Enquirer: 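Pasting in a structure now, in structure tokens, and then I'll have a few things to ask.
FYI, the numbering just counts along the sequence from 1. Not measured: the values here are computed from a predicted model.
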Amino acid sequence: MRVLVTGGAGFIGSQIVTALTALGHEPVVLDALLPSAHPVPPSPPPETEWIHADVRDRTAVARALCGVDAVCHQAAMVGLGKDFADAPVYVGCNDLGTAVLLAGMAEAGVRDLVLAGSMVVYGEGRYDCPTHGRVAAGPRAAADLDAGRFEPGCPRCGAELVPGLIGEDAPTDPRNVYAASKLAQEHLAASWARATGGRAVSLRYHNVYGPGMPRDTPYAGVASFFRSSLARGEAPRVFEDGGQRRDFVHVRDVARANALALAAVRDREPGALSVFNTGSGEPHTVGEMASALASAHGGPEPVVTGEYRLGDVRHITASSQRLREELGWLPEVGFEAGMTEFANAEQRATGAVAAPWRSMAAEPGPGVVGAVDVDLSSP
């Protein structure tokens, strides 16, 4: 199968390209390699085709789709960024880029899509109140966070809530610009599927980590932040009290999920979008993750700061039962082994990039901004 992988030179995308190649597929990479935001890409298999262009470049997208059987869409701007001034870039990269890609697929007759979704579309995760059962926790107030009250309470009685694993049928409630843009991507994919009879799968990644994560960038995830600090000889700075629960899933397991989804998407219902949580199913706190990395790296020990970021959620952990049952996916890399590997692995440096892959198209034209590979893991 010939598969277009947008963002295929990045952290997750390059692992997907490797997985597809190993299975005998023919990946075609579309990536802008934006120097200010994209890490140095790894060396790809020599037979891999590479198109150095932006996913918002209609001409380049049309060229990339020639002869393609399916698309694996990984190109996006990730993380919370620096402030709300980043909003136009997030919406441009994530939503306009997805719209241009889907329009090109409609014209080219490509009907199978696997989309890099994200757990951030849920907002807060699943909570149960001892008295009122399943409840929806609203956004946390700045006054509570300033006072060190990090746990959301029951919206009806204020009691302490018990977090659990969230399923795909949970309501969406994006809490920041990145989350809103990721949900918009799913809506666009669903609209494309209905209009064209296409088949779409969104893999809602939880906190992806592993070798090759970008280093020293505000547009990354919490695992990358901690690993970058350790590489500089600094203690990881853990926000809040470190008790935030997350689902850390290894990048190679995420790549396998994409390969399985690409093989299965043509058997899905035409005209519809299917969503699958993609996580390990084993919750760990951010503090536990920081300690595991520091221990495996040889220190220094993490520092719990009590700081917070508005827009972050307290707990979000996945039930990936649907992905296991319907696509036969099981995570293979455990938490301890994965963190030990990551603590001693190289990260991607940010800055100017080389172009080691064979160029199959022209450079992006004037005014075209580069898209970057999905990192998925919001702190």
Enquirer: With heavy-atom distances below 4.5 Å as the criterion, would you say the side chains of M77 and Y178 are in contact?
Expert: no
Enquirer: Measure from the side-chain N and O atoms of K182 to the backbone N and O of N94, and report whether any donor-acceptor pair falls under 3.5 Å.
Expert: no
Enquirer: Quick check: does any side chain N or O of R111 sit under 3.5 Å from a backbone N or O of T196, one acting as donor and the other as acceptor?
Expert: yes
Enquirer: Please report the interatomic distance CG(L65) to CD1(I51), rounded to the nearest 0.5 Å.
Expert: 8.5 Å
Enquirer: Donor-acceptor pair, distance only, cut-off 3.5 Å: does the side chain of H25 make one with the backbone of P27?
Expert: no
Enquirer: Can you name the nearest heavy-atom pair linking L165 to G281, along with the distance?
Expert: CD1-O, 4.3 Å
Enquirer: Just verifying a value: how many Å separate C72 SG and L30 CG, rounded to the nearest 0.5 Å?
Expert: 12.5 Å
Enquirer: Just do the side-chain contact (heavy atoms from CB on, under 4.5 Å) check on Q15 and H250 with the steps written out, would you?
Expert: CA-CA 11 Å; Q15 293 281 354; H250 196 277; over 6 Å; no
Enquirer: Return yes when atom CZ of R156 has more than 12 non-hydrogen atoms of other residues, nucleotides or ligands closer than 6.0 Å, and no otherwise.
Expert: no
Enquirer: Between Y90 and D95, do the side chains contain an N or O donor and an N or O acceptor separated by less than 3.5 Å?
Expert: no
Enquirer: Is it the case that atom CD in E307 sees more than 12 heavy atoms from other parts of the structure closer than 6.0 Å?
Expert: yes
Enquirer: Is the backbone N or O of F239 less than 3.5 Å from a side-chain atom of Q244, with the two atoms forming a donor-acceptor pair by type?
Expert: yes
Enquirer: Do V286 and L161 share a hydrophobic cluster, counting only Ile, Leu, Val, Met, Phe, Trp and Tyr and linking them when any side-chain heavy atoms are less than 4.5 Å apart?
Expert: no
Enquirer: Would you confirm whether R322, through its side chain, and V275, through its main-chain N or O, come within 3.5 Å as a donor-acceptor pair?
Expert: yes
Enquirer: In the structure I gave you, are the side-chain heavy atoms of E341 and P211 within less than 4.5 Å of one another anywhere?
Expert: yes
Enquirer: With respect to Y205, which candidate in N258, D247, N277 satisfies the side chain to side chain donor-acceptor pair (under 3.5 Å) definition?
Expert: N258
Enquirer: Taking D253 for its side chain and V333 for its backbone only, find out whether a donor-acceptor pair lies under 3.5 Å.
Expert: yes
Enquirer: What's the separation between atom CG in L310 and atom CG in L145, rounded to the nearest 0.5 Å?
Expert: 6.5 Å
Enquirer: Treating Ile, Leu, Val, Met, Phe, Trp and Tyr as nodes and any side-chain heavy-atom pair under 4.5 angstrom as an edge, say whether V17 and L115 lie in one connected cluster.
Expert: no
Enquirer: Indicate, with yes or no, if L101 and V91 share a hydrophobic cluster defined by side-chain heavy-atom contacts under 4.5 Å among Ile, Leu, Val, Met, Phe, Trp and Tyr.
Expert: no
Enquirer: After noting the C-alpha distance and the side-chain angles of M119 and N207, does the key distance pass the side-chain contact (heavy atoms from CB on, under 4.5 Å) rule?
Expert: CA-CA 8 Å; M119 51 81 176; N207 287 66; 3.1 Å; yes
Enquirer: Are the side chain of R58 and the backbone of G104 linked by a donor-acceptor contact shorter than 3.5 Å?
Expert: no
Enquirer: If I take atom CE from residue M1 and atom CG from residue L23, how far apart are they, to the nearest 0.5 angstrom?
Expert: 9.0 Å
Enquirer: Can Y308 and R140 be said to form a side-chain contact (heavy atoms from CB on, under 4.5 Å), step by step?
Expert: CA-CA 11 Å; Y308 67 87; R140 296 179 295 170; 5.9 Å; no
Enquirer: May I ask you to test the F226-V222 pair for a side-chain heavy-atom distance under 4.5 Å?
Expert: yes
Enquirer: Is a salt bridge present between R2 and D69, judged by a nitrogen-to-oxygen distance below 4.0 Å?
Expert: no
Enquirer: Quick one: CG on L203 to OG on S118, what's the gap to the nearest 0.5 Å?
Expert: 11.5 Å
Enquirer: Restricting to non-hydrogen atoms, name the atom on G242 and the atom on V304 that form the minimum distance, rounded to 0.1 Å.
Expert: N-CG1, 4.3 Å
Enquirer: For Q185 and A76, work out which heavy atoms get closest and say how close.
Expert: NE2-CB, 4.4 Å
Enquirer: Would you say L273 and V201 are hydrophobically clustered, going by side-chain heavy atoms of ILVMFWY under 4.5 Å?
Expert: no
Enquirer: Using a distance-only test with no angle check, is there a side-chain donor-acceptor pair under 3.5 angstrom linking H315 and E151?
Expert: yes
Enquirer: Measure the spacing between CZ of R246 and CD of E288 and express it to the nearest 0.5 Å.
Expert: 13.0 Å
Enquirer: Is it true that a side-chain atom of S320 and a backbone atom of G279 form a donor plus acceptor pair closer than 3.5 Å?
Expert: yes
Enquirer: C157 versus H132: any side-chain heavy-atom pair under 4.5 Å?
Expert: yes
Enquirer: On a heavy-atom basis, which atom in T317 and which in H206 lie closest, and how many Å separate them?
Expert: C-CE1, 3.8 Å
Enquirer: Is there a continuous path of hydrophobic side-chain contacts, each under 4.5 Å between heavy atoms, that joins I12 to V265?
Expert: yes
Enquirer: Under the side-chain hydrogen bond (donor to acceptor under 3.5 Å, both in side chains) rule, collect the residues that match up with T340, sequence neighbours excluded.
Expert: none
Enquirer: Does E234 have more than 12 heavy atoms from other residues, nucleotides or ligands lying within 6.0 Å of its CD?
Expert: yes
Enquirer: Show the nearest heavy-atom pair for residues E124 and I166, with the distance to one decimal.
Expert: O-CD1, 4.1 Å
Enquirer: Between M105 and L4, is there a side-chain heavy-atom distance shorter than 4.5 Å?
Expert: no
Enquirer: For residues 262-285, pull every pair meeting ring pair (Phe, Tyr, Trp, His ring centres under 6.0 Å), keeping only residues two or more places apart or in separate chains.
Expert: H284-F335
Enquirer: Find out whether T131 and C154 are in side-chain contact, i.e. whether some heavy atom of one side chain is under 4.5 Å from a heavy atom of the other.
Expert: no
Enquirer: Does one side chain, of Y209 or R227, offer a donor that lies under 3.5 Å from an acceptor on the other?
Expert: no
Enquirer: Looking at G299 and L230, what are the two nearest heavy atoms and their distance?
Expert: O-CD2, 3.4 Å
Enquirer: I'd like to know if the side chain of R256 reaches the main chain of L330, judged simply by a donor and an acceptor atom lying under 3.5 Å from each other, with no hydrogens or angles considered.
Expert: yes
Enquirer: Apply the test side-chain hydrogen bond (donor to acceptor under 3.5 Å, both in side chains) to residues Y122 and R204: give CA-CA distance (whole Å), side-chain angles for both, the deciding distance (0.1 Å), then the verdict.
Expert: CA-CA 10 Å; Y122 296 117; R204 289 177 175 171; 3.0 Å; yes
Enquirer: Test your reading of the model: is there a side-chain donor-acceptor pair from S295 to the backbone of S291, 3.5 Å cut-off?
Expert: no
Enquirer: What verdict does the side-chain contact (heavy atoms from CB on, under 4.5 Å) test give for C93 and R56, after you've listed the backbone C-alpha separation in whole Å, the side-chain angles of each residue and the deciding distance to 0.1 Å?
Expert: CA-CA 8 Å; C93 283; R56 289 166 290 180; 3.6 Å; yes
